[in-house]
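Heads up: the structure comes next, in structure tokens.
Remember, predicted model here, so these are calculated numbers, not experimental data. Residue numbering restarts at 1 for every chain, and letters A, B, ... go by the order of the sequence lines.
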Number of protein chains: 2
Amino acid sequence: MVQLDDLDRAILRLLKEDARLTISEIAERLNRPESTVHFRIKKLQERGIIDRYTIVLGEALRPKAVALVYIQVETPIIEDFLEKYINHIMKTLSILPNVLAVARSTKDSLVALVGEENEEKLNKFIDETIRVLPTLKRVEVIPLTELVKGGDVIGFLVRV
Amino acid sequence: MVQLDDLDRAILRLLKEDARLTISEIAERLNRPESTVHFRIKKLQERGIIDRYTIVLGEALRPKAVALVYIQVETPIIEDFLEKYINHIMKTLSILPNVLAVARSTKDSLVALVGEENEEKLNKFIDETIRVLPTLKRVEVIPLTELVKGGDVIGFLVRV
DNA sequence: TATGAAAGACATCATGT
DNA sequence: ACATGATGTCTTTCATA
């Protein structure tokens, strides 16, 4: 369904590294004419393969302590309530600036990626904002001490 | 330590949404001269606050089924071995294209974000590549069914 | 640090091979 | 897919406040 040839992939890889490369620079590196590179990029954008261009923020603005928080809620008698309650928690967490990402997991659980300046503040946040939520069955905190792959994902997620 | 004024933040927010906005467009939206906006962006880059420019890949290239895999290894007698073994696992996983991110957690655990076309392939991958690793104490799979905040993080992480 | 103006570089598009 | 050229826009630099 998604047809990409070597040139498309090469262009995407270069833009992923540095989206500010000029068409002429890309053309030179790949030994292709500028007009071709321009045409390909235009198509990649139109096809939605390039979704958007963005910046990654540097260390200075990234939280130093991050953790995944797995939240499982108590299963009520009425299942419809569970759905609404989980959605409510997710929306509530999403608003907070130190909640970098929120994802639904199973029927009765969700995960949040949280960040703070340091460990103490992070734990304080988890204790005072998450653990206090009513009718939780389980809260599992998975600290992330070192990012090996996807190392700058925090710089991508953090807001200013 | 990081001094950002309102103008800096406004510029960063705009670039985060769309890093291809021209200086003149940004200048117009913020009612500032182009040269000022140019100067600020230059400084933000020099200070490393803007780390880099990149693209987010669209739905077509994103894995449809993603999950966090929490991996805890058996603690051996010799602690030095634990360290080396965990590093080895992390490096091994990092090479794989459907492993989107890898992070160290505690002394004896790590987390991987894995993605595949569909659920079956994802489970197959986890079973055949992760669960088979020797001396694991616990493997916890947390499927991510819906990303509420940070929704395009997969498009940021995925490689071509 | 901020600004205005000027010069050069660039993307974009049309046309044709 | 590639080449070329024309056009308007953008970035970058610099002098000045």
Exceeds 12 heavy-atom contacts within 6.0 angstrom, atom CZ of A/Arg138: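 Check passes, neighbour count above 12.
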Residue-phosphate contact under 4.0 Å: [X] side-chain N/O, [N] OP1/OP2:
X       : N      : value
A/Thr36 : D/dA1  : no
B/Arg40 : C/dT1  : no
A/Arg32 : D/dC2  : yes
B/His38 : D/dT12 : yes

Provide, to the nearest angstrom, the distance between the [atom1] atom belonging to [X] and the [atom2] atom belonging to [N].
X       : N      : atom1 : atom2 : result
B/Asp8  : C/dA2  : CG    : C1'   : 13 Å
B/Ile41 : D/dT13 : CD1   : P     : 14 Å
B/Lys43 : D/dT12 : NZ    : P     : 14 Å
A/Ile26 : C/dA9  : CD1   : C1'   : 15 Å
B/Asp5  : C/dA2  : CG    : C1'   : 12 Å
B/Asn31 : C/dG4  : CG    : C1'   : 17 Å

Along DNA chain D (nearest heavy atom to each residue), the more 5'-positioned of A/Glu34 and A/Arg20: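 Looking at the nearest nucleotide for each, A/Glu34 comes out on the 5' side.
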For the pair A/Asp51 and B/Arg62, find out whether any cationic side-chain nitrogen is under 4.0 Å from an anionic carboxylate oxygen. yes
SB check A/Asp8 A/Arg47 (cutoff 4.0 Å): yes
Do you know which two heavy atoms are closest between A/Gly115 and A/Val66, and how far apart they sit?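 Reported closest heavy-atom pair: CA-CG1, 3.9 Å.
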Tell me if the side-chain of A/Ser35 makes a donor-acceptor pair with the base of D/dA3, cut-off 3.5 Å, by modelled atom types. yes
Before you tell me yes or no, could you show the steps for B/Tyr53 and B/Gln45 under side chain to side chain donor-acceptor pair (under 3.5 Å), namely the whole-Å CA-CA distance, both residues' side-chain angles and the distance that decides it to 0.1 Å? CA-CA 10 Å; B/Tyr53 294 77; B/Gln45 287 169 170; 2.6 Å; yes
To the side chain of A/Pro33, which of C/dC13, D/dC2, C/dA2 is closest?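 So the side chain of A/Pro33 is nearest to D/dC2.
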Given C/dA11, D/dC10, C/dT3, identify the nucleotide with an atom nearest to the side chain of B/Thr22. D/dC10
